[in-house]
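Every chain is numbered from 1, with letters handed out A, B, ... down the list of sequences.
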Amino acid sequence: MGKKYWLMKSEPEVYSIDHLKRDKKTYWDGVRNYQARNFLRDQVKAGDQVFFYHSNADPSGIAGIAEVVREGYSDPSQFDSKDVHYDSASTQEKPIWYVVELAFVEKFKEIISLDQLRKIKGLEKMLLLRRGQRLSVMPVSQEEWNIIVK
DNA sequence: GCCAACGTTGGC
DNA sequence: GCCAACGTTGGC
């Protein structure tokens with residue numbers, strides 16, 4: 001199977017592309033939405049490419065690129081009762097939530113803002129641009145990826 | 001900070 | 001299983 005493409009959202013005040021650049025690599029924790037979880041658990045594979053999206057930002061938009069270096073495994077934050085992502089319903093044997101590990105690849109010179117994305121031809125159907133769409137992990141088609149990288 | 005859109009919860 | 005209430009996301 002070929003390489004796949006994703007978009008993952010983070011609030012830059014919590015974790016930005018600059019943090020990833022500094023850390024070189026991180027695990028993407030705190031995803032607490034079942035649809036996004038299913039992507040992390042079942043579909044995101046090592047080598048896949050990821051757009052790092054800044055949400056709740058000024059401006060919001062795609063800030064750079066990361067690469068998946070480790071596939072889905074149990075999110076440690078779900079077992080930590082002091083963590084905001086703690087989930088008392090989850091057990092070590094049957095974890096509910098998953099993370100993947102990402103490595104820094106590239107930071108764009110300028111963020112590609114939501115506004116700009118909406119104006120680019122060929123992205124009209126992009127999941128990110130759908131009204132009311134709130135998934136924090138979502139697939140990006142190869143066509144969309146190529147258009148945006150260009 | 002507001003609020004639209006959507007997901008989740010829980011009473012029935 | 002329906003659906004109102006509530007919580008969260010995220011653009012503005």
Just checking, any donor-acceptor pair under 3.5 angstrom between side chains of [X] and [Y]?
X	Y	answer
A:Y5	A:E144	no
A:D23	A:Y15	yes
A:S90	A:Q78	yes
A:S77	A:D75	yes

In whole angstrom, what separates [X]'s [atom1] from [N]'s [atom2]?
X	N	atom1	atom2	answer
A:I96	B:dT8	CD1	P	12 Å
A:N33	C:dG10	CG	C1'	14 Å
A:R32	C:dG7	CZ	P	19 Å
A:I62	C:dG10	CD1	P	14 Å
A:H54	C:dG10	NE2	C1'	14 Å
A:L135	B:dT8	CG	P	10 Å
A:N56	B:dG1	CG	P	13 Å
A:Q35	C:dT8	CD	C1'	15 Å

Any A:Y34 side-chain N or O less than 4.0 Å from OP1/OP2 of B:dC6: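 So the side-chain polar atoms of A:Y34 never come under 4.0 Å of the phosphate oxygens OP1 or OP2 of B:dC6.
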Would you say a side-chain N or O of A:S60 is under 4.0 Å from OP1 or OP2 of C:dG10?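 For A:S60, the contact criterion (side-chain N or O under 4.0 Å from OP1 or OP2 of C:dG10) is not met.
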Nearest to side-chain heavy atoms of A:K9, which nucleotide of C:dG11, B:dT8, C:dG10: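 That would be C:dG10.
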Counting only heavy atoms and a strict 4.0 angstrom limit, can you tell me which residues of residues 121-134 of chain A come near DNA chain B?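 Only A:R131, A:G132, A:R134 qualify.
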For the ring pair A:F52 and A:W28, is the centre-to-centre distance below 6.0 Å?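 Centroid separation for A:F52 and A:W28: below 6.0 Å.
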Could you check, using the six-membered ring where one of them is a Trp, whether A:Y86 and A:W97 have ring centers closer than 6.0 angstrom?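 Here the rings of A:W97 and A:Y86 have centres that are no less than 6.0 Å from each other.
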Do NZ/NE/NH1/NH2 and the carboxylate oxygens of A:D18 and A:K107 come within less than 4.0 Å?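 Yes, A:D18 and A:K107 are salt-bridged.
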